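Only heavy atoms go into these numbers, but all of them, side chains included; no hydrogens, no water, no symmetry mates. Bear in mind the structure is a predicted one, so any value in this text is a computation, not a measurement.
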Amino acid sequence: MKLSSFAGCLTVLLLLSACSSAGNESIRNETVESVDQKIKDGVTTKQEVRAAYGDPLETSFTDSGHEIWKYSFARMSQNGTNFIPYYGAFTAGSHGKAKTLSVIFNDQVVWHHSLSDSTVQTHQGIGG
């Protein structure tokens, strides 16, 4: 009985420690449709974007001087093989989803925006 309780607790601990997220939580549940409802090209201002999503993770400029704001969010889970003794050292990695919201401004108004949603895989094992 004690062994099965210990195994159950260990399994729960591994499952809880195997997930992580990083980035701007405000785009966590966003879809292309929901972003399009909040941001209208040629209409929405910088202040309205900041009110909806907060400060961007990254800002830059295009060659023509348009300001670009980027928001990112990623949710990752460790691969199950990471927890197999010895084998995990060769196959360690993770998988998950990443979202990026890019907003380009022409002065104080949104010129163009896009939301991308990608599947992400990483590999950190000894095998490269």
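- Using a 4.5 Å heavy-atom cutoff, the side chains of Glu30 and Phe73 are not in contact.
- Ion pairing of Glu67 with Lys46 is present here, as a side-chain N (NZ or NE/NH1/NH2) and a carboxylate O approach within less than 4.0 Å.
- Taking 4.5 Å as the limit, some side-chain heavy atom of Phe105 sits within range of a side-chain heavy atom of Val49.
- Side-chain contact between Asp117 and Lys99 is present, with heavy atoms from C-beta onward closer than 4.5 Å.
- Annotation: the span from His66 atom NE2 to Ile104 atom CD1 amounts to 8.0 Å, rounded to 0.5 Å.
- To the nearest 0.5 Å, atoms OG1 (Thr44) and NE2 (His113) are separated by 8.0 Å.
- A donor-acceptor contact under 3.5 angstrom links the side chains of Ser64 and Thr62, judged on distance only.
- A chain of hydrophobic side-chain contacts below 4.5 Å, direct or via other Ile, Leu, Val, Met, Phe, Trp or Tyr residues, connects Ile68 to Trp111.
- Few gaps surround NZ on Lys38; more than 12 heavy atoms of other groups in view lie less than 6.0 Å from it.
- The ring-ring contact (aromatic ring centres under 6.0 Å, His included) test applied to Tyr53 returns Tyr71, not counting sequence neighbours.
- Looking only at side-chain heavy atoms (C-beta outward), Lys70 and Leu101 stay at 4.5 Å or farther from each other.
- Using a 4.5 Å cut-off on side-chain heavy atoms (C-beta onward), Leu115 and Thr100 make no contact.
- The shortest non-hydrogen separation linking Ser26 to Ala52 is CB-O, 4.2 Å.
- With a 4.5 Å cut-off between side-chain heavy atoms of Ile, Leu, Val, Met, Phe, Trp and Tyr, the cluster of Val43 takes in none.
- Within the 3.5 Å criterion, the main-chain N or O of Ser34 finds no donor-acceptor partner in the side chain of Gln37.
- No side-chain heavy atom of Asp107 sits less than 4.5 Å from a side-chain heavy atom of Val109.
- Taking the side chain as every heavy atom from C-beta outward, Val110 and Lys40 never approach each other to under 4.5 Å.
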Given the rule in the side chain to side chain contact (heavy atoms under 4.5 Å, CB included) test, do Gln108 and Thr45 qualify, once you have shown the distances and angles that lead to the verdict? CA-CA 6 Å; Gln108 296 295 312; Thr45 65; 5.5 Å; no
